[in-house]
Student: 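Got a structure here, written out as structure tokens. Questions coming.
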Amino acid sequence: MKLCKVIGFATASLKVEGFSPYKMVIVKSINDHGSPVGDPFLAIDTFGAGLSEVVAVVTGAPATNALADKGLPVDAAVIGLLDHISINKKEIYSRHKEG
Amino acid sequence: MKLCKVIGFATASLKVEGFSPYKMVIVKSINDHGSPVGDPFLAIDTFGAGLSEVVAVVTGAPATNALADKGLPVDAAVIGLLDHISINKKEIYSRHKEG
Amino acid sequence: MKLCKVIGFATASLKVEGFSPYKMVIVKSINDHGSPVGDPFLAIDTFGAGLSEVVAVVTGAPATNALADKGLPVDAAVIGLLDHISINKKEIYSRHKEG
Amino acid sequence: MKLCKVIGFATASLKVEGFSPYKMVIVKSINDHGSPVGDPFLAIDTFGAGLSEVVAVVTGAPATNALADKGLPVDAAVIGLLDHISINKKEIYSRHKEG
Amino acid sequence: MKLCKVIGFATASLKVEGFSPYKMVIVKSINDHGSPVGDPFLAIDTFGAGLSEVVAVVTGAPATNALADKGLPVDAAVIGLLDHISINKKEIYSRHKEG
């Protein structure tokens, strides 16, 4: 799963059937220091993640397992809001401190 | 899902069975500023996306879920035309403004 | 699907069961100008693509859908020979011109 | 499978159903010299891997095969603790020496 | 499939059930000149590939098709030992010459 920071939001009025109940967040992977890197991508979010929150995102075919309807064309979904991340014994993120 | 800009089109007269009803668009991922980056790739498009429109593209095995025939050899499909994209509270794309 | 140029060929006498009927081409993704970029990879080709032809290649699990035997360990297959590719309204490839 | 070094840990109180029994480690791919490179990612770990241990990580859809519940939205799982790694006949990692 | 050079070997005494009969090789993708590039990764090898041999490696979910037990958590497997590789009509690898 990718460690991602929520950096934005997107809306679509024209979309495939079955997507309407879901919110899409724009995320980026984070590096060792918790900074977003690389290109942004879209993930389905059922947790209500807010801007700047760090989340775990499952990508590829297993992302379909995160939703009730397993037949949706989905390749990325938030599977959890992270509370604490430590890298080499140093805390690089704490949800409550940042929130 | 990738945030992609439609940058072109491709046609093929010799192709695998079952592909004939589908149009192929050439897309590129966009960066934080909405500019296309990286290498172009092909996606099946059932939405009639026009040049320069920003779309959500599902990649990998779940792309087969976007089409009526789930047994097609497809690894990328447009799943929606995006209306608004905001990154860090700044609007970087609005379909109607650009269209 | 990737937009790829055929850059070579490979043969294998020792290979997994079921591969014998298939030819393997070596391809590379192309950039906006039609030039091959990145690392070469192998794709199963049932279209008889020739050197320098531009093809659509499906990758990952959906590649198995391109062959009659869906249980083969295949992650890339040519799904069509491209005729025309236009990027930003400029034709970057035409099969008959180059052939 | 990726050759990865465990570089940290993450916890999540809000997560998808079925994840509670599993521990998540943060890993990075290693290069020829055994040094971690690239962006960190999360993997489910059922082996109790410790900080700095080198593990084999399966990614993508097959990661779901590593767990008892194959329907979980998981795209990376530790499948083994590596004992010895030799590259070009030179040992670059030995579990007992480092542990 | 990736064109890979075998660059090393790894052993694991603690690993998921079902892996014991299989040998793991460490491979790297090769470039146009046959030189290994990028980060090393692990592939299951049932062909007994030796150091420096060039092999075809299937990655992702289809790798599970290369083994008798299709339910193993495997994302890379050698599917053949390559005999000859030509890129732009130039032979860049011949198994017997190098072996």
Side-chain angles (χ1 to χ4, degrees), chain A residues 1-5 27-39 41 43-50 53-70 72 74-96 99, chain D residues 1-2 4-30 35-46 49-54 57-78 98:
Chain A
M1 287 65 65
K2 289 180 196 289
L3 290 156
C4 291
K5 190 162 222 162
V27 297
K28 268 192 174 189
S29 288
I30 59 169
N31 64 13
D32 301 13
H33 307 291
S35 305
V37 288
D39 291 326
F41 64 96
I44 296 290
D45 173 31
T46 58
F47 288 88
E53 276 199 283
V54 176
V55 294
V57 175
V58 62
T59 60
T64 59
N65 290 341
L67 306 177
D69 176 354
K70 272 118 185 75
L72 283 180
V74 166
D75 64 12
V78 173
I79 57 161
L81 304 182
L82 295 175
D83 292 331
H84 296 284
I85 302 174
S86 74
I87 289 188
N88 292 321
K89 297 186 180 163
K90 203 175 128 190
E91 181 177 82
I92 66 151
Y93 176 77
S94 171
R95 197 178 159 213
H96 294 109
Chain D
M1 286 66 64
K2 288 181 196 289
C4 291
K5 192 162 219 163
V6 177
I7 62 160
F9 302 94
T11 57
S13 46
L14 286 167
K15 54 196 162 186
V16 291
E17 221 183 318
F19 255 74
S20 299
Y22 298 111
K23 192 180 136 195
M24 288 189 293
V25 290
I26 302 177
V27 296
K28 268 193 174 189
S29 288
I30 59 170
S35 305
V37 288
D39 290 327
F41 64 97
L42 288 165
I44 296 289
D45 174 31
T46 59
L51 201 63
S52 297
E53 276 199 283
V54 175
V57 175
V58 62
T59 60
T64 59
N65 290 341
L67 306 177
D69 177 354
K70 272 117 185 77
L72 283 179
V74 166
D75 64 11
V78 173
E98 310 231 348

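Side-chain atoms are counted along with the backbone in the values below, which use heavy atoms only and exclude waters and symmetry mates. First the proteins, then the strands, lettered A, B, ... as listed; each starts at 1.
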Student: Of all residues at least two apart in sequence or in a different chain, which pass the salt bridge (charged side-chain N to carboxylate O under 4.0 Å, His left out) check with K2(D)?
Tutor: none
Student: Can you tell me how far the NZ atom of K15(D) sits from the CG atom of D83(A), to the nearest 0.5 Å?
Tutor: 8.5 Å
Student: Working note: L14(D) + R95(A), criterion side chain to side chain contact (heavy atoms under 4.5 Å, CB included); need CA distance, chi angles, decisive distance, verdict.
Tutor: CA-CA 11 Å; L14(D) 286 167; R95(A) 197 178 159 213; 3.7 Å; yes
Student: Find the distance between NZ (K89(A)) and CD1 (I7(D)) and round it off to the nearest 0.5 Å.
Tutor: 14.0 Å
Student: At their closest point, which heavy atom of P73(D) faces which heavy atom of V58(A), and how far apart are they?
Tutor: O-CG2, 3.4 Å
Student: Identify the residues of residues 17-25 of chain D whose heavy atoms come closer than 4.5 Å to a heavy atom of chain A, ordered by number, or report 'none'.
Tutor: F19(D), M24(D)
Student: Most heavy-atom pairs under 4.5 angstrom with chain A, which of G71(D), P36(D), A76(D)?
Tutor: G71(D)
Student: Any idea which of A12(D), A77(D), G8(D) has the most non-hydrogen atom pairs under 4.5 angstrom with chain A?
Tutor: A12(D)
Student: With chain D as the partner, which of T64(A), V57(A), D32(A) has the greatest number of non-hydrogen pairs under 4.5 Å?
Tutor: D32(A)
Student: What distance separates D69(D) CG from N65(A) CG, expressed to the nearest 0.5 Å?
Tutor: 8.5 Å
Student: In terms of heavy-atom proximity below 4.5 Å to chain A, should S13(D) be classed as side chain, backbone, both, or neither?
Tutor: both
Student: With rounding to the nearest 0.5 angstrom, report the CD to CZ distance, E91(A) to F9(D).
Tutor: 14.5 Å
Student: Give, as side chain, backbone, both or neither, the part of A43(D) having an atom under 4.5 angstrom from any heavy atom of chain A.
Tutor: backbone
Student: Heavy-atom cut-off 4.5 Å, strictly under: side chain, backbone, both or neither for A61(A) against chain D?
Tutor: side chain
Student: At their closest point, which heavy atom of I26(D) faces which heavy atom of S86(A), and how far apart are they?
Tutor: CD1-O, 4.0 Å
Student: Nearest 0.5 Å, please: how far is CZ in F41(D) from CD1 in I30(A)?
Tutor: 14.0 Å
Student: Checking heavy atoms, do the side chain of L51(D), its backbone, both or neither come under 4.5 Å from chain A?
Tutor: side chain
Student: When rounded to the nearest 0.5 angstrom, what distance separates CG in D75(A) from CG in D75(D)?
Tutor: 11.0 Å
Student: Using non-hydrogen atoms only, which part of V55(A) is less than 4.5 Å away from chain D: side chain, backbone, both, or neither?
Tutor: neither
